[in-house]
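The residues of the chain are indexed from 1 along the displayed sequence. Ligands are counted one by one from 1 in listed order, and the atoms in each one are counted from 1 as well.
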Amino acid sequence: MRILAFDALRAVDERDAYANLVLPPLLRRAREQGDFDSRDAALATELVYGTLRRQGTYDAIIAECVDRPLREVDPPVLDVLSLGAHQLLGTRIPTHAAVSASVELARVVLGDGRAKFVNAVLRRISQHDLDGWLDRVAPPYDEDPEDHLAVVHSHPRWVVSALWDALGGGRAGIEDLLEADNERPEVTLVARPGRSSTGELLDLLGEEGGLPGRWSPYAVRLAEGGEPGALDPVREGRAGVQDEGSQLVAIALAGAALEGRDERWLDGCAGPGGKAALLGALAAGRGAALVAAEKQPHRARLVERALAGNPGPYQVVTADGTRPAWRPGTFDRVLVDVPCSGLGALRRRPEARWRRRPEDLDGFAPLQRALLREALESVRVGGVVGYATCSPHLAETRAVVDDVLEARDGSFGAEWIDARPLMPGVPALGDGPDVQLWPHLHGTDAMYLALLRRTA
Ligand SMILES: C[S@@+](CC[C@H](N)C(=O)[O-])C[C@H]1O[C@@H](n2cnc3c(N)ncnc32)[C@H](O)[C@@H]1O
């Protein structure tokens, strides 16, 4: 099982693979080979995800325990050390078991010589618990708050800085947010209206198996270990797996007041289709039709799958939202859930925080502006545009909307709509008119939504 965890870490390191894609086939193969049950699978998953999430903290600790710079330690050796550090400092596995299992792993995958090195380093690590190590390796908060938080909560410093800028406030809030990023998120389902209901899902799950959502009237939260694929409504596409934050974005766009025609809705960045499927169901309930556009053909196919069986009219098109194939002013409601850094979904992708670079933001910036501009062109006067990201980074959220509104050249007029009343019952939505959700405050991904009305 530790070899499996090691193989997964190597794939993430070496091939830039995603842990959530690499692990399932490895687990399946292990199960097929026998002698591997669901508890082993849960432990292997926890070891891989935990090691990746806490990598920043463990690197700082390992650096104290080896006699050379970390970059001179072979990556496979570092992976074994990180896995061992996680067992020692981040799980309840007894010290002797964590060390001996890690040394045994090193013997198998690295050879006897390097196993001795692993043994020596892990014995040093085992001399203190996590808090003891953090006192030793994290710079004092008063001297360098961002560096302190980066080491203690295992995020790159620039990410700490960007999240703090977006969140505002003092130490307690940012610490809660960073810790929430290190927790495994609950699995949330959406009962697509007109196709399924929360009652149906809760009945199927039984008392122990699920709870109603916190904020979305269509959400059901799955109990730990629940298997969404085991539910008929999910298999049949009448329900799906969807974070409540994403549900709230679609619900708010659909709920914004509109005068006159309300028949044509557009999801301009639809792949893989989570929001499109909810929007399609909501549109159907009102006799409106949804066009779901996606630039990547393989992702457009996923949108097709997500929308199959939608109770109202819809069309999936492979199209570049920056060069729309439809006439200006065609739609009554438009969503653009633009490509972004994903810094709001770090709970889901344990390796993502280490892969992203600040320069990535510059890469997304022109596309985000172009997609919002074209969304405003595509909506009729009086219609509503929702601009959404799964990132709270200010350069991807408010700055984009402000820039587009400022730079318009008279081709359209637009005004802000206060999005907060469109998420009734959701607390701590800030000063508006846009909305930023947070994992530590709402239990959702850090989704951002700006709603605009075209005025001219
Ligand atoms: C954040 S994802 C959208 C997630 C989706 N709304 C959902 O809820 O499932 C952004 C999508 O925009 C697509 N995209 C990127 N550039 C695009 C463009 N120029 N026009 C249309 N879609 C684009 C990406 O391929 C990606 O599928």
Considering only distance and modelled atom types, tabulate donor-acceptor pairs under 3.5 Å from the side chains of residues 200-220, sequence neighbours left out.
residue, atom, partner, partner atom, Å
E200, OE1, S196, OG, 2.9
E200, OE1, R238, NH1, 3.0
E200, OE2, R238, NH1, 3.4
E200, OE2, R238, NH2, 3.0
R214, NH1, E186, OE1, 3.4
W215, NE1, H442, O, 2.9
S216, OG, Y218, N, 3.0
S216, OG, Q247, OE1, 2.7

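- Scanning for ring pair (Phe, Tyr, Trp, His ring centres under 6.0 Å) contacts around Y141 gives H148, with sequence neighbours left out.
- A side-chain donor-acceptor contact under 3.5 Å links E396 and S341.
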With the criterion set at N/O pairs under 3.5 Å, what does the list of contacts between the protein and ligand 1 look like, atom names and distances included?
residue, atom, partner, partner atom, Å
ligand 1, 6 (N), C269, O, 3.2
ligand 1, 6 (N), D337, OD2, 2.8
ligand 1, 8 (O), K275, N, 3.1
ligand 1, 8 (O), K275, NZ, 3.1
ligand 1, 9 (O), G273, N, 3.1
ligand 1, 9 (O), G274, N, 2.9
ligand 1, 19 (N), D320, OD1, 2.8
ligand 1, 20 (N), G321, N, 2.7
ligand 1, 22 (N), K295, N, 3.4
ligand 1, 25 (O), E294, OE2, 2.6
ligand 1, 27 (O), G271, O, 3.1
ligand 1, 27 (O), E294, OE1, 2.7
ligand 1, 27 (O), E294, OE2, 3.4
ligand 1, 27 (O), R299, NE, 2.6
ligand 1, 27 (O), R299, NH2, 3.2

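- There is no side-chain donor-acceptor pair under 3.5 Å between H440 and E175.
- No side-chain N or O of R353 forms a donor-acceptor pair with one of Q55 less than 3.5 Å apart.
- Pairs passing the ring-ring contact (aromatic ring centres under 6.0 Å, His included) check and including a residue from residues 316-356, sequence neighbours excluded, read W326-F331.
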